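I have placed the structure first, in the form of structure tokens, so that the comments after it can refer back to it.
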Amino acid sequence: LAQALSQQHKSKEAIFHYRETLRLKPDFADALNELAWILATAPDSGLRSGTEAVQLAKRACELTRNQQAAFLTTLSAAHAETGRFSDAIATAQIAGQLAQTAGQKKIAAQDGELLKLYQAGYPFRETH
């Protein structure tokens, strides 16, 4: 349900359902990652929480032994949201390399675009 709401750009409702999912299953890496992405990149500043996004994304990355490029991409966005651009850049580079190695061209391209933003000192924002 949370994923469907997120795809419909109903971020506030999606956040509620991701939180409920994580209450029931705290180590659900996909839910940790998706919630972190929203909290890091939501167009509505009232929904963003960079510090919480970093915590959630780090946990998702830990659970997957830093082997999921998409999760590292989320962590890079969370770092950028908190203004830690050097961490965002380093994490986006790792995510891009991992995605490239895994043949995940879309994620690798996204990481390249995010890297440009972070190098310019800007966080990423979803547009709806």
Side-chain angles (χ1 to χ4, degrees):
L1 179 57
Q3 189 175 29
L5 289 165
S6 182
Q7 289 172 348
Q8 295 172 14
H9 310 295
K10 296 179 180 179
S11 297
K12 187 175 182 178
E13 294 89 344
I15 289 169
F16 172 82
H17 287 286
Y18 278 125
R19 289 190 191 287
E20 182 62 15
T21 298
L22 291 169
R23 185 183 68 76
L24 298 171
K25 191 172 179 186
D27 286 339
F28 185 11
D30 288 328
L32 288 163
N33 181 67
E34 294 296 329
L35 178 55
W37 181 259
I38 294 170
L39 295 177
T41 67
D44 179 352
S45 63
L47 298 178
R48 289 194 306 270
S49 174
T51 302
E52 184 180 2
V54 169
Q55 293 170 345
L56 294 167
K58 278 186 177 180
R59 183 66 184 142
C61 289
E62 288 169 4
L63 289 167
T64 57
R65 295 175 169 60
N66 294 314
Q67 294 302 305
Q68 293 290 328
F71 292 5
L72 289 165
T73 300
T74 299
L75 180 57
S76 75
H79 282 312
E81 173 59 22
T82 63
R84 294 172 47 196
F85 290 103
S86 60
D87 290 335
I89 290 166
T91 306
Q93 289 172 330
I94 294 166
Q97 292 167 354
L98 187 60
Q100 196 76 24
T101 301
Q104 298 171 318
K105 294 177 183 179
K106 185 177 178 183
I107 294 172
Q110 179 186 24
D111 287 317
E113 292 302 312
L114 291 174
L115 192 55
K116 292 176 191 174
L117 272 177
Y118 305 155
Q119 289 169 334
Y122 296 103
F124 175 74
R125 297 285 178 261
E126 283 283 358
T127 57
H128 301 309

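Note that the structure is predicted; figures quoted are calculated from it, not measured. One-based numbering along the sequence shown.
To the nearest 0.5 Å, atom NZ of residue Lys25 and atom CG of residue Leu32 are 10.5 Å apart. Rounding to the nearest 0.5 Å gives a distance of 8.5 Å between OG1 of Thr41 and CD of Glu81. Taking CZ from Phe16 and CG from Leu35, the interatomic distance works out to 12.5 Å, rounded to the nearest 0.5 Å. For the atom pair CD (Gln68) and CG (Asp30), the distance works out to 7.5 Å, reported to the nearest 0.5 Å. One finds the OG1 atom of Thr64 at 8.5 Å from the CG atom of Asn33 (value rounded to the nearest 0.5 Å). One distance of note links CG of Leu115 with CD of Glu113; it measures 9.5 Å at 0.5 Å rounding.
When all heavy atoms of Ala69 and Gln104 are compared, the closest pair comes out as CB-OE1, 3.5 Å. Smallest separation of non-hydrogen atoms from Leu56 and Leu39: CD1-CD1, 3.7 Å. Heavy atoms only, all atoms of each residue included: Ala2 and His17 are closest at CB-CB, 3.7 Å. When every heavy atom of Leu72 is checked against every heavy atom of Asn66, the shortest pair comes out as CD1-O, 3.7 Å. Residues Tyr118 and Phe85 approach most closely at O-CD2, 3.6 Å, considering heavy atoms. The shortest non-hydrogen separation linking Ala14 to Ser6 is CB-N, 3.7 Å.
Linking Ile, Leu, Val, Met, Phe, Trp and Tyr residues whenever their side-chain heavy atoms come within less than 4.5 Å places Trp37 and Leu117 in a single cluster. Following chains of ILVMFWY side-chain contacts shorter than 4.5 Å, one cannot reach Ile94 starting from Ile89, and the two form parts of different hydrophobic clusters. Cluster annotation: Tyr18 and Leu1 are assigned to distinct hydrophobic clusters (Ile/Leu/Val/Met/Phe/Trp/Tyr, side-chain heavy-atom contacts under 4.5 Å, transitive). The hydrophobic clustering, which links ILVMFWY residues whose side-chain heavy atoms are closer than 4.5 Å, places Phe28 and Leu63 together.
The 12-atom threshold is exceeded at CD of Gln93, counting heavy atoms of other residues, nucleotides or ligands nearer than 6.0 Å.
Using modelled atom types, no side-chain atom of Thr91 and backbone atom of Ala88 make a donor-acceptor pair closer than 3.5 Å. Between the side chain of Arg84 and the main chain of His79, no donor-acceptor pair closer than 3.5 Å is present. Panel note: side chain Ser76, backbone Thr73; a donor-acceptor pair is recorded below 3.5 Å. With Tyr122 contributing its side chain and Ala80 its backbone, the two residues share no donor-acceptor pair below 3.5 Å.
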- Begin from the C-alpha positions of Ile15 and Arg19 and carry the test side-chain contact (heavy atoms from CB on, under 4.5 Å) through to its verdict. CA-CA 6 Å; Ile15 289 169; Arg19 289 190 191 287; 3.5 Å; yes
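Counting only heavy atoms from C-beta outward, the side chains of Gln7 and Gln3 approach each other to under 4.5 Å. Contact of the Glu126 side chain with the His9 side chain is not registered, since no non-hydrogen atoms from C-beta on lie closer than 4.5 Å. Residues Cys61 and Lys58 are not in side-chain contact: their nearest non-hydrogen atoms beyond the backbone lie 4.5 Å or more apart.
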